[in-house]
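Everything below concerns the one structure shown next.
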Amino acid sequence: MRILTIDTSAIASAALLDFDPQDPVKTAELVANFATVDTRSQAEELAPGVKSLFTDPVAEGPALDAIIVGTGPGPFTGLRSGIAMARTLSFTWGVPLYGMMSLDALAQQVFDTPKKDSAGRALGPLAMDDFVIATDARRKEVYWAKYSAGAHLLDGPHVGPAADIFGVPVFGAGAGLYEEVLVGNRCTVHAPLAHAQPTALELGRAAIRKITAAGSLEGAGLLDSTPLYLRESDAKVPGPRKRAL
Amino acid sequence: MNQANPLILGIESSCDETGVGLVRGTELLTNTVSSSMDEHVRFGGVIPEIASRAHLDAFVPTLAAALSDAGVTLEEVDAIAVTTGPGLAGALMVGVSAAKALALATGKPLYAINHLVAHVGVGLLDKSIAAQYDGGALPENLGALLVSGGHTEILRVRSIASDVQLLGATIDDAAGEAFDKVARLLGLSYPGGPAIDKLAREGNAKAIRFPRGLTMPKYMGTAEAPGPHRYDFSFSGLKTAVARCVEGYEARGEEVPVADIAASFQEAVLDVITAKAVLACREQGVTTLLLGGGVAANSRLRELAGQRCLAAGITLLVPSLSLCTDNGAMVAALGAQLVMNGVAPSDLAFATDSSLPVTTISL
Ligand SMILES: [Zn+2]
């Protein structure tokens, strides 16, 4: 099975992955991967990046088994650029489209990253118990969700100040941004993943884990491509005009 | 690619209309538009974030409807064109991302085009206008007056594919925006243009003398020594004057003569717009003026522009209203002109530009 994953909830990224849905042991094979460095150029770089994953996108695209897009939460304009791209590719190629919460990508990365001692020896998983993924929601807030040690979603996603998170290890760019507040709340912040952003590659790994566990794409409990905005538009209905009296 | 008579798919998302149009050369095949206008009514104006969210959900259904309406497949399309500016940044981003996806998925060339120039290109699709000219070309010495909720400009078009100049523009609010704000002051519904147009017919346009923005000699100068804003517009002072006027009636405990205010306000806006457009045409050698933008629906604008152009010997062209408001067909029409003129397509890495100048016809 071959899937294209796209995530623009923070940086812009896309990945092409091969795997066998019936064989959870066989590791996924990364065909091609693309990711930007910054979070401000999604619309410019995403399309050339997706194109670069293929030798001939016009021929290879329709042969994909699925497109999976990160549905956020993340800053709206960037998030929409990835979802607009994924929906249009899905329509044009006639390939089924699914969504996944972008924070799942970081949870998968925590799950896959071993804890190491000073000599570089693996000491088991990075998170031994429940943990939180937090990303930058701007306006002095984070997008966050709580996961079990096995990277299964327990609670969220939420948007709010980092001060709302208590007593858990916190990973992701939101952890690095608000380390002081989090440590004050008895949270721990781990250097290797304190600045990490969701990527399409990790999102794909999380998707493959769900799909192989279910044995099929349809049974994997993936979302649709509806964006997880979590915030209303800022528009206010104007009140009645003050009369001059 | 069929360069002589290309089949172009055009995408528009610069404001609150999600448009997909299909054009073959200068022949309109379909003009499919999904508007989020209803969602903005309670706010009395376009809310960019609401418009962007609506574009995302409307795009694929609008695309599918356009293809099915025109009876063409994506394989048959020769090139794709998309509005890359000017417009609302977040809204532009949705159409551009979708257009890039279409281009990379189909391998078709993509043209990132200027929304304002597309308002002119749409004239080629109008049968009544085309009937006046041979060979599907726009007339010589062409100018355009674009009036909408998002922009107010006077353009000179020497070549639709390669030479467009800005003669004048609003320095603050767009005319349509002023109509919306004044409609709110008068307790009328959104959008303000049609509401004021209707009410103004019952009022006296000479009842109140509202200010005409940027018409003083220090701004106008002379034909030989033009002032800094000879062909420019300003509507924010007018809006304030209407507010003061309404407050004056209320403070005196008198009934507000809404119809007279609507008529007088509308006359102040349209008097300046048409006078300056005709002045620019005469001084710049423009002999045909094309009207575009949503405010072209205003009956008094059509009437006044008609009278003044006739008096000055200028031919006025007014495309049908569905082509004047923002739509994908106008984008496709300009895209077709670019293809027919051998203009190179855009690189897939182009960026949207919310203040793209009219001189940049495509990226
Ligand atoms: Zn427009």
Side-chain angles (χ1 to χ4, degrees), chain A residues 4 6 8 12 14 40-54 56-62 64 67 75-95 97 225-227 229 231-245, chain B residues 11 13 39-40 42-53 55-57 59-61 63-64 67 74-75 84 89-108 110 184-187 243-244 246-253 256 347-352:
Chain A
L4 168 67
I6 294 173
T8 53
R40 308 225 166 254
S41 55
Q42 288 99 336
E44 292 86 334
E45 294 186 51
L46 181 64
V50 170
K51 193 180 177 191
S52 73
L53 303 179
F54 301 92
D56 177 5
V58 180
E60 295 163 48
L64 291 169
I67 297 170
F76 305 155
T77 299
L79 180 63
R80 273 190 290 264
S81 69
I83 297 175
M85 167 77 50
R87 286 182 179 176
T88 309
L89 292 176
S90 162
F91 171 81
T92 308
W93 285 335
V95 171
L97 175 66
S225 66
T226 305
Y229 290 123
R231 286 180 181 137
E232 289 299 315
S233 71
D234 283 329
K236 287 190 181 65
V237 176
R241 191 175 57 81
K242 285 197 210 87
R243 297 179 72 86
L245 261 179
Chain B
I11 297 168
S13 74
E39 295 177 57
H40 305 286
R42 64 198 180 106
F43 302 103
V46 173
I47 305 298
E49 175 59 21
I50 291 176
S52 299
R53 291 183 183 192
H55 284 305
L56 179 65
D57 289 336
F59 178 72
V60 169
L63 171 64
L67 289 167
L74 281 172
E75 286 97 84
T84 198
L92 289 166
M93 195 80 92
V94 178
V96 164
S97 297
K100 287 183 175 188
L102 257 185
L104 96 85
T106 59
K108 311 284 183 185
L110 176 62
R184 223 182 87 66
L185 278 170
L186 299 179
R244 295 288 162 274
V246 172
E247 286 163 9
Y249 282 102
E250 287 170 349
R252 293 189 298 273
V256 180
D347 186 278
L348 212 48
F350 73 84
T352 58

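All chains are named by letter (A, B, ...) in the order of the sequence lines, taking the proteins before the strands, and each is independently numbered beginning at 1.
Heavy atoms of B:D57 lying under 4.5 Å from chain A belong to its backbone as well as its side chain. The contact between B:F59 and chain A is made entirely by side chain atoms (from C-beta outward), counting heavy-atom distances below 4.5 Å. For chain A, the nearby part of B:L67 is the side chain; its heavy atoms alone come within less than 4.5 Å. Heavy atoms of A:P62 lying under 4.5 Å from chain B are absent altogether. Within the 4.5 angstrom heavy-atom criterion, only side-chain atoms of B:I47, from C-beta onward, approach chain A. When heavy atoms are compared at a cutoff of 4.5 Å, B:A64 approaches chain A by way of both its backbone and its side chain. With a 4.5 angstrom heavy-atom cutoff, B:L74 touches chain A only via side-chain atoms.
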Please lay out, stage by stage, how A:R80 and A:Y229 fare under the test side-chain contact (heavy atoms from CB on, under 4.5 Å). CA-CA 10 Å; A:R80 273 190 290 264; A:Y229 290 123; 3.2 Å; yes

Can you list the steps and then say if A:L46 with B:K100 is a side-chain contact (heavy atoms from CB on, under 4.5 Å)? CA-CA 9 Å; A:L46 181 64; B:K100 287 183 175 188; over 6 Å; no

Walk me through whether B:K108 and B:L102 qualify under side-chain contact (heavy atoms from CB on, under 4.5 Å). CA-CA 8 Å; B:K108 311 284 183 185; B:L102 257 185; over 6 Å; no

When you look at A:L89 and A:L64, which way does the side-chain contact (heavy atoms from CB on, under 4.5 Å) test go after all the steps? CA-CA 11 Å; A:L89 292 176; A:L64 291 169; over 6 Å; no

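Qualifying salt bridge (Lys or Arg N to Asp or Glu O under 4.0 Å) partners for B:E39, counting only residues two or more places apart in sequence or in other chains: none. Every residue two or more places apart in sequence or in another chain was checked for a salt bridge (Lys or Arg N to Asp or Glu O under 4.0 Å) with B:R42, and none qualifies.
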